[in-house]
There are 2 protein chains.
Amino acid sequence: MIYSQIEDILNGFPTKNFKRGEVIYSEGEAPESVYFINFGLVGLFYIAQSGKETFLRIFDDKSIFGHRSYFAEENYHGSSIALKETQIIIVPKKECDAICEQHPQLLKLLLKQVSKDLASAELRISQLQDKSSEQRIAESLWFLKLRSPNQTWTRKEVGEYSGSSHESVARFLTKAENLGILKKEGRDIEILDEDRLLNFENVKK
Amino acid sequence: MIYSQIEDILNGFPTKNFKRGEVIYSEGEAPESVYFINFGLVGLFYIAQSGKETFLRIFDDKSIFGHRSYFAEENYHGSSIALKETQIIIVPKKECDAICEQHPQLLKLLLKQVSKDLASAELRISQLQDKSSEQRIAESLWFLKLRSPNQTWTRKEVGEYSGSSHESVARFLTKAENLGILKKEGRDIEILDEDRLLNFENVKK
DNA sequence: CGATAGATTGAGAGTTTTCAACCGATGTGG
DNA sequence: CCACATCGGTTGAAAACTCTCAATCTATCG
């Protein structure tokens, strides 16, 4: 089974639109549905007790989200928020059960997706201890730009993805621009030298 | 489907024993099998470029492991190492495919497991930024002791699980013992006051 | 009993955050 | 259309946290 088939299955389901900043579901809620993105961009965030936010995952066009909580049978562990104009198909639990029943291959596809996400998350745990803040910021910039090249990511979002403060991101951008690695364009950035960006630690000097 | 049924399915498969410290599989290898623990304890570790190790996951009696890479169709992203005398059933890929085919409920069980692990990993990402090293050590001690009460966890292992140095763990243990929160018993520890351990930040003074 | 791995403790170093002030752009309501 | 509020960005300086390094000690095992 491939992802485009999911679109066919869900064809005709009602859609809902969200503007940037609108919350699709909130941490702690019980999952009542699974979501499919027709177009747009959604971020999954966790807000810790101290108020510190972590940017956990990105979902873009033709992605499923909300399925982790659904299959784990847990409440949402984070909140999903539209990062730009986004159209979503909301698939209620009951329909979702039925679709999974009819398409056993779908379970395998989702298991593959979640398994990959687990590896990514665990590698991030390691990098938080292993890599410098600047290296993590460099890699996060590259990753976020790759995932959504036309998105103007804020310093705050990059910080929450990389595990650093938005001030550290600003400082890094200034430094990297002076080195000719990237170019600030208003609030957006353009990466000029991907190799030097990703090998920033060796370039620093 | 419940976990004990898996044992029945695998009944009769050949077993293999590992001593503490023995490697079951190594990072980077292609998954050729999935593993089931008859008895024992296994840790999944990732060693970063710098040599820093991260303790990612624990598997104990009657657990499946190695399945993440198998379903993600990726090479192992970490190495699994026996933490004490452990007996494992090695289920080759082919058999595993067949079993999944015959027991579609197994896929759902594994999807549930991996989904829960993903939430745990993502919460750990958040805590690395949100909580102090001492709080993380306290929670890791509690978690590891809960998962395997009779295991004598080394400071190094606790450090690699909590994301701190083994020296920080040793300092924490001394401090917590002086406060009567736990008791060092040779290399092992006994938790005396779980509540104060888990609310260490408020107790500190 | 000696060798080795694990544990402890102190001191110093370095990284990154926090706090604060300020700037600039954007957007809204009067 | 302007004034003002707000959000995002930048930069500096100080503070805090945790690690690293090093020396020493202790337990465990062959």
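By convention in this document, chain letters (A, B, ...) are assigned in the order of the sequence lines, proteins followed by strands, and residues within each chain are numbered from 1.
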Check for a donor-acceptor pair, side chain of Ser162(A) on one end and backbone N or O of Val158(A) on the other, with a separation under 3.5 Å.
yes
Which is true for Ser168(B) with a 4.0 Å heavy-atom rule: it touches a base, it touches only sugar-phosphate, or it touches nothing?
sugar-phosphate
Taking NZ from Lys131(A) and P from dC19(D), how many angstroms apart are they, rounded to a whole number?
19 Å
Taking only side-chain N and O atoms of Thr154(B), does any of them lie within less than 4.0 angstrom of OP1 or OP2 on dA5(C)?
no
Regarding Gly163(B), tell me which of base, sugar-phosphate or nothing describes its non-hydrogen contacts under 4.0 Å with the strands shown.
sugar-phosphate
Regarding Gly159(B), tell me which of base, sugar-phosphate or nothing describes its non-hydrogen contacts under 4.0 Å with the strands shown.
nothing
When you get a sec, tell me which of dT16(C), dC19(D), dG6(C) is the closest nucleotide to the side chain of Arg171(B)?
dC19(D)
Respond yes when some side-chain nitrogen or oxygen of Lys184(A) is under 4.0 Å from OP1 or OP2 of dG8(D), and no when none is.
no
Under-4.0 Å side-chain N/O to phosphate OP1/OP2 contact, Ser132(B) with dC17(D)
no
Expressed in angstrom and rounded to an integer, what is the separation of His166(A) atom NE2 from dG12(D) atom C1'?
14 Å
Using whole Å, what does the distance between atom P of nucleotide dT8(C) and atom NZ of Lys175(B) come to?
15 Å
Could you check whether Phe36(B) and Phe65(B) have their ring centres less than 6.0 Å apart?
no
To the nearest angstrom, the CD-C1' distance between Gln129(A) and dC19(D) comes to 12 Å
Closest to the Ser133(B) side chain, choosing from dT8(C), dC19(D), dG8(D)
dC19(D)
Using a cut-off of less than 4.0 Å, is there contact between a side-chain N or O of Lys52(B) and OP1 or OP2 of dT20(D)?
yes
Is the charged tip of Arg124(B) near the ring of Tyr161(B): under 6.0 Å from the six-membered ring centre and within 45° of its axis?
yes
Contact class for Ser165(B) vs. all strands (heavy atom < 4.0 Å): base, sugar-phosphate, or nothing?
base
Rounded to whole angstroms, how far apart are CD on Glu177(B) and P on dA7(C)?
14 Å
Length of the line joining Ile189(B):CD1 and dA7(C):P, which is rounded to integer Å
11 Å
Separation of atom CD1 in Ile137(A) from atom C1' in dG9(D), rounded to whole Å
14 Å
Whole-Å distance between dT16(C) C1' and Gln127(A) CD?
18 Å
Relative to the 5' end of DNA chain D, which residue comes earlier, Glu167(A) or Gly186(B), by the nucleotide with the nearest heavy atom?
Glu167(A)
side-chain N/O Arg187(B) vs dG6(C) OP1/OP2, d < 4.0 Å:
no
Is the shortest side-chain heavy-atom distance between Tyr35(A) and Tyr70(A) below 4.5 Å?
no
Can you tell me if Arg20(A) uses its side chain to pair, donor with acceptor, with the backbone of Leu83(A) under 3.5 Å?
yes
Quick one: side-chain hydrogen bond (donor to acceptor under 3.5 Å, both in side chains) pairs with a partner in residues 44-54 of chain A, sequence neighbours left out?
Ser50(A)-Asp130(B)
Taking only N and O in the side chain of Arg155(A), is any of them less than 4.0 Å away from OP1 or OP2 of dG9(D)?
yes
